[in-house]
Q: 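The following block contains the structure, expressed as structure tokens.
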Amino acid sequence: MDYTKLSQLLFPEISSTPDDWEKKYPARDLPPEAKVTRIGPSPTGFVHLGNLYNALVGERLAHQSGGVFFLRIEDTDNKREVEGAVDAVINAMSFFDVNFDEGATIDGEKGDYGPYCQRQRKEIYQSIAKHLVEEGLAYPCFCAEEELSAMRETQIAAKENFGYWGKWAHCRELTYTEIEQKIAAGEPFVLRYRSPGSGEKDITVEDAIRGNLVMQENYQDFVLLKSDGIPTYHFAHVVDDHLMRTTHVVRGEEWLATLPMHVQLFDSLGWPRPLYCHTAVLEKMNGEQRRKLSKRKDPELALSYYQAEGYLPQSVWEYLLTVLNSNYEEWRLANPDLNCREFPFSAEKMSNSGTLFDLDKLKDISKEVIAKMSAAEIYQQFLAWCESYDEGFAALLKADRAYAEQIIDIGRDGDRPRKDLLSWKAAVEFLSFYYDERFKHDDDYPANITEGLRQEILTAYLAKQDFADDNSVWFEKIKEIAAHFGFALKPKDYKKNPEQYPGSIVDVSNVIRVAITGRQNSPDLWTICQVIGEPRIRQRIGKEIEMS
RNA sequence: GGCGCGUUGGAGAAGCGGCUUAACUCACCAGCCUUUCACGCUGGCAUUCAUGGGUUCGAAUCCCAUACGCGUCACCA
């Protein structure tokens with residue numbers, strides 16, 4: 001078979017050669033330790049945590065080493081593509097503070113190794129494909145979908161390995177004349193790789209996260225170009241990452257199984273292999289069973305979930321970093337004020353077993369992150385979130401900025417600052433009682449206090465309260481009320497002899513607290529009274545007294 | 001079914017042949033502090049590293065087998 005003739009028949013319009021591309025995309029001028037990484041999301045309209053997770057690894061590896069991190073859009077599947085999805089990816093990454101040196105951007109693209117959208121690289125793929133045909137390493141396959149699935153049935157029945165290989169690879173042996181006739185007849189075809197492997201050998205591939213992997217060599221004649229001339233992931237990955245001079249391929253472990261295909265292709269083309277970094281999958285508990293986070297079942301997989309819940313990008317970064325390199329937490333404890341990007345991230349330290357996604361941990365980290373911010377910073381970011389997700393609350397915040405910052409800051413000063421806020425959504429809930437428009441009762445009164453007693457306590461409080469009192473005088477009055485109704489003044493006394501008292505001073509305080517804030521958990525009550533002010537306090541307590 | 005990856009407490013995990021009576025963080029529990037709730041502090045939470053064999057003076061750490069979990073086997077990525 002004259003492969004050159006075949007390549008002309010298959011790609012009559014392609015005149016560029018691999019050499020042309022090598023010249024157009026020369027090796028990058030970077031120091032030897034600099035890593036070049038990328039993420040390659042497909043524009044399906046759904047940007048998930050896994051995208052961010054891998055992006056973080058790539059970003060750290062590249063920028064920590066003085067290298068390049070770029071964004072490539074893997075849009076080779078037109079069936080799955082969704083309108084506006086490219087912008088969604090770019091916006092999500094930028095929201096989470098992932099910055100690219102090259103690649104697709106909102107207005108066009110930047111960088112010298114583009115185009116960065118695979119659909120626009122058709123000529124490159126075809127010219128490499130043409131070269132493979134010339135070398136006898138690729139051939140057209142005319143098998144229809146039905147034939148392939150029939151073949152699969154036979155393979156299952158015969159207990160043979162699935163796929164297009166060896167004796168099952170019918171189109172492998174087509175003659176030039178047969179091919180020519182089929183093409184003349186307008187039969188559609190895909191281009192398959194003629195795998196030099198038999199599956200009898202093992203190959204060794206180094207993985208930066210997993211160490212040396214020993215795997216069976218590839219023997220499948222997998223598809224390089226689909227019938228529309230667009231490459232499959234496998235081919236696009238090899239061509240792009242070579243020509244874009246990627247040094248480290250960071251991707252999920254679901255690619256491990258097809259790794260032998262990729263390295264075989266790299267070897268066939270005489271190109272150096274990149275260093276692979278296969279990250280562990282993110283899982284969650286589903287009843288008793290662990291499973292991979294699923295797009296359909298798990299809202300927390302979507303990046304938009306974290307935006308909507310009002311988690312800070314910073315918190316998500318730090319959470320992911322603890323999952324990625326567990327020594328991050330210790331580093332953070334030792335360096336509370338450094339930017340998380342100063343942490344020495346390492347691929348070797350990454351876990352290679354599936355990781356359970358832990359929302360509790362994210363919440364804890366998020367509390368710490370917010371606790372470190374100033375009231376002004378919180379106000380600004382909180383307001384920005386409210387403007388997208390809770391306009392009513394945004395209006396309240398804007399109406400009186402000083403008041404907003406004041407309530408945000410209650411109890412946050414001193415050596416032991418409160419950590420009440422864990423997300424902006426939670427902050428709306430937490431701060432709502434400071435605003436009459438949002439005030440509501442979330443918690444009940446202490447269960448051990450009868451309704452009648454509660455009325456009396458509140459009435460007495462209203463009578464005694466003087467807003468000019470300082471904190472200690474104010475509290476003395478609470479004590480007087482407690483004593484008057486026979487409550488234990490020390491919680492311990494009540495604990496020791498619960499039968500001797502109707503309750504302790506704690507219960508008295510809590511009755512007043514619930515009347516004023518609508519819940520049992522709040523910052524310092526006296527401060528709250530000062531901030532809310534006499535008329536509104538009287539109104540709230542008065543309403544509670546009337547109600548019963 | 002083939003191939004591959006994995007298995008240390010409720011979760012993330014450190015440890016990678018003796019320093020481990022298994023670090024650290026989250027969760028949980030108890031106590032302390034406190035006018036409540038938080039915050040903070042103290043302590044508890046794996047006599048054991050999926051199971052069974054083996055190597056070794058010595059194993060969570062090395063080897064083998066088994067089990068279980070996960071991933072993957074498309075003209076999807």
Side-chain angles (χ1 to χ4, degrees), chain A residues 40-42 44 74-77 79-80 141 143 145 148-149 152 155-156 159-164 188-192 199 210 213-216 218 220 222-228 230-234 236-237 251-260 278 280-281 283 285 289-292 319 322-330 332-333 349 351-365 367 371 411-412 414-420 443 446 471 474-475 478-479 482 489-491 504-514 517 519-526:
Chain A
S42 51
T44 58
E74 310 212 330
D75 55 356
T76 55
D77 184 9
K79 290 186 289 291
R80 294 210 311 181
C141 167
C143 293
E145 217 179 304
L148 292 174
S149 46
R152 195 188 151 91
Q155 285 170 333
I156 292 174
K159 291 195 166 45
E160 294 249 28
N161 287 343
F162 313 147
Y164 212 81
F189 65 90
V190 300
L191 192 75
R192 282 185 189 274
R210 292 157 195 268
L213 298 167
V214 178
M215 308 178 86
Q216 186 186 23
N218 173 63
Q220 294 275 345
F222 59 90
V223 174
L224 261 17
L225 293 178
K226 304 183 238 179
S227 53
D228 57 2
I230 296 290
T232 56
Y233 170 85
H234 312 297
H237 150 56
R251 42 143 75 152
E253 74 167 88
E254 65 269 24
W255 293 108
L256 227 36
T258 47
L259 180 59
H278 288 97
V281 290
E283 300 175 338
M285 242 22 210
Q289 290 232 305
R290 259 170 183 265
R291 63 163 168 73
K292 193 174 162 183
Y319 170 68
T322 67
V323 167
L324 256 14
N325 273 188
S326 75
N327 54 326
Y328 175 78
E329 286 183 84
E330 286 177 65
R332 171 48 84 209
L333 244 31
K349 282 220 171 277
S351 163
N352 46 12
S353 55
T355 290
L356 256 202
F357 180 73
D358 186 356
L359 206 56
D360 280 333
K361 187 94 181 179
L362 206 212
K363 287 179 181 168
D364 178 69
I365 289 171
K367 274 192 215 169
R412 297 177 75 247
D415 297 339
R416 284 154 60 169
R418 301 180 63 90
K419 296 176 182 172
D420 292 316
D443 290 337
N471 202 339
W474 175 85
F475 185 62
I478 302 244
K479 269 184 169 168
L489 293 185
K490 290 188 174 149
S504 79
I505 182 136
V506 167
D507 298 305
V508 177
S509 299
N510 261 345
V511 165
I512 299 167
R513 179 188 311 278
V514 173
T517 69
R519 65 178 78 123
Q520 296 206 25
N521 174 2
S522 84
D524 180 69
L525 241 194
W526 178 79

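Atom set for the values below is all heavy atoms of this structure, side chains included, hydrogens, waters and symmetry mates excluded. We name chains A, B, ... by the order of the sequence lines, and we start the count at 1 in each one.
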Q: On a whole-Å scale, what distance lies between the C1' atoms belonging to B:C76 and B:C49?
A: 39 Å
Q: From the set B:U35, B:A38, B:C75, return the single nucleotide nearest to any side-chain atom of A:Arg416.
A: B:A38
Q: If you only use heavy atoms from C-beta on, which nucleotide in B:C26, B:C75, B:U35 is closest to the side chain of A:Ile505?
A: B:U35
Q: Just name whichever nucleotide pairs with B:G58, Watson-Crick or G-U, keeping both distances under 3.5 Å, else none.
A: none
Q: I'd like the P distance from B:U61 over to B:G43, given in whole Å.
A: 31 Å
Q: Considering Watson-Crick and G-U wobble pairs with both distances under 3.5 Å, what does B:G71 pair with?
A: B:C3
Q: For B:C70 versus B:G12, give the span between their P atoms, rounded off to a whole number of Å.
A: 15 Å
Q: Would A:Arg210 and A:Leu256 satisfy side chain to side chain contact (heavy atoms under 4.5 Å, CB included), going step by step from the backbone distance to the final call?
A: CA-CA 11 Å; A:Arg210 292 157 195 268; A:Leu256 227 36; 3.9 Å; yes
Q: Go through B:G4, B:A77, B:C39 for me and flag the one nearest to the A:Lys419 side chain.
A: B:C39
Q: From C-beta outward on A:Lys79, which listed nucleotide comes closest to its side chain: B:G4, B:C76, B:C33?
A: B:C76
Q: From B:A74, B:U36, B:C39, pick the nucleotide closest to the side chain of A:Arg152?
A: B:A74
Q: Does the structure show a Watson-Crick or G-U wobble partner for B:G9, both distances under 3.5 Å? Name it, or say none.
A: none
Q: Any side-chain heavy-atom pair from A:Phe475 and A:Ile505 closer than 4.5 angstrom?
A: yes
Q: Using purine N1 to pyrimidine N3 plus N6-O4 or O6-N4 for Watson-Crick, or N1-O2 and O6-N3 for G-U wobble, both under 3.5 Å, which nucleotide pairs with B:A65?
A: B:U51
Q: Just verifying a value: how many Å separate A:His237 NE2 and A:Thr232 OG1, rounded to the nearest 0.5 Å?
A: 10.5 Å
Q: Quick one: which of B:A77, B:C3, B:C70 gets closest to the side chain of A:Glu254?
A: B:A77
Q: Sticking with atom C1', work out how far B:G52 lies from B:A67, rounded to a whole angstrom.
A: 10 Å
Q: Mind checking the C1' distance from B:G44 to B:G10? Whole angstroms is fine.
A: 15 Å
Q: Are A:Ser42 and A:Asp77 packed together at the side-chain level, in the sense that at least one heavy-atom pair is separated by less than 4.5 angstrom?
A: no
Q: How far, in whole Å, is B:G15 from B:C73 if one measures between their C1' atoms?
A: 36 Å
Q: Any side-chain heavy atom of A:Ser509 within less than 4.5 Å of one from A:Ile512?
A: no
Q: Hunt down the Watson-Crick or G-U wobble partner of B:G43, both distances under 3.5 Å, from any strand shown, or write none.
A: B:C29
Q: Please indicate yes or no: is the ring centre of A:Phe162 less than 5.5 Å from the centre of the six-membered base ring of B:G1, with the two planes inclined by under 30 degrees?
A: yes
Q: Taking the P atom of each, how far is B:U34 from B:C19, in whole Å?
A: 43 Å
Q: Can you tell me, in whole Å, how much space there is between the P of B:A38 and that of B:C24?
A: 25 Å
